[in-house]
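Starting from 1, each residue takes its place in the sequence as its number.
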Amino acid sequence: MDNDLLEAGYRLYSGEKIDVYFNTHICQHAGNCVRGSARLFNLKRKPWIAPDEVDVQTVKTIIDTCPSGALKYRPK
């Protein structure tokens, strides 16, 4: 767990092999995440981010396209 990200306002979505962090306050709603993978990011599901639904490389690739920095990841 990355306490610096949590203290900065990010929420943790924990997966078996990778953790995803999201900060709603800096999100610019570009939509790269939901367009990148509906299995990983699904706005109709709770929780809406499910890191174990796709492989680790897919998580990294999609999050790396986030223009605002609202999404971060930490491999385990």
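For residues 47-65, the set of pairs meeting the salt bridge (Lys or Arg N to Asp or Glu O under 4.0 Å) definition, not counting sequence neighbours, is empty. Legend: side-chain hydrogen bond (donor to acceptor under 3.5 Å, both in side chains) pairs involving residues 27-37, not counting sequence neighbours, sorted by first then second residue: Asn32-Arg35.
There is a path of hydrophobic side-chain contacts, each under 4.5 Å, that joins Tyr13 to Val34. Cluster annotation: Ile26 is not connected to Val20 through the hydrophobic network of ILVMFWY side chains, with a link wherever side-chain heavy atoms come within less than 4.5 Å. In the hydrophobic clustering of ILVMFWY residues, with side-chain heavy atoms under 4.5 Å counting as a link, Trp48 and Val54 come out together. Put simply, Phe22 and Leu5 are part of two different groups of oily side chains (I, L, V, M, F, W, Y) that touch within less than 4.5 Å, one to the next.
With sequence neighbours left out, the side-chain hydrogen bond (donor to acceptor under 3.5 Å, both in side chains) criterion links Tyr10 to no other residue. Residues satisfying the salt bridge (charged side-chain N to carboxylate O under 4.0 Å, His left out) test with Arg11, not counting sequence neighbours, are none. Residues that satisfy the side-chain hydrogen bond (donor to acceptor under 3.5 Å, both in side chains) test with Lys76, not counting sequence neighbours, are Ser14, Asp19. Shown here are the side-chain hydrogen bond (donor to acceptor under 3.5 Å, both in side chains) partners of Gln57, two or more places apart in sequence or in another chain: Thr61. Applying the side-chain hydrogen bond (donor to acceptor under 3.5 Å, both in side chains) rule to Arg45 yields no partners; only residues at least two apart in sequence or on another chain are considered.
The CG atom of Asp4 lies 10.0 Å from the OH atom of Tyr21; values are rounded to the nearest 0.5 Å.
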For this session: Kindly indicate, with the supporting measurements, whether the criterion side-chain contact (heavy atoms from CB on, under 4.5 Å) is fulfilled by Ile63 and Phe41.
Result: CA-CA 10 Å; Ile63 290 178; Phe41 299 99; 4.1 Å; yes

Exercise. Run the side-chain contact (heavy atoms from CB on, under 4.5 Å) check on Leu71 and Cys33 step by step: do they pass?
Worked result: CA-CA 9 Å; Leu71 288 165; Cys33 54; 3.7 Å; yes

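Between Cys27 and Ser68, the shortest heavy-atom contact is CA-OG, 3.8 Å.
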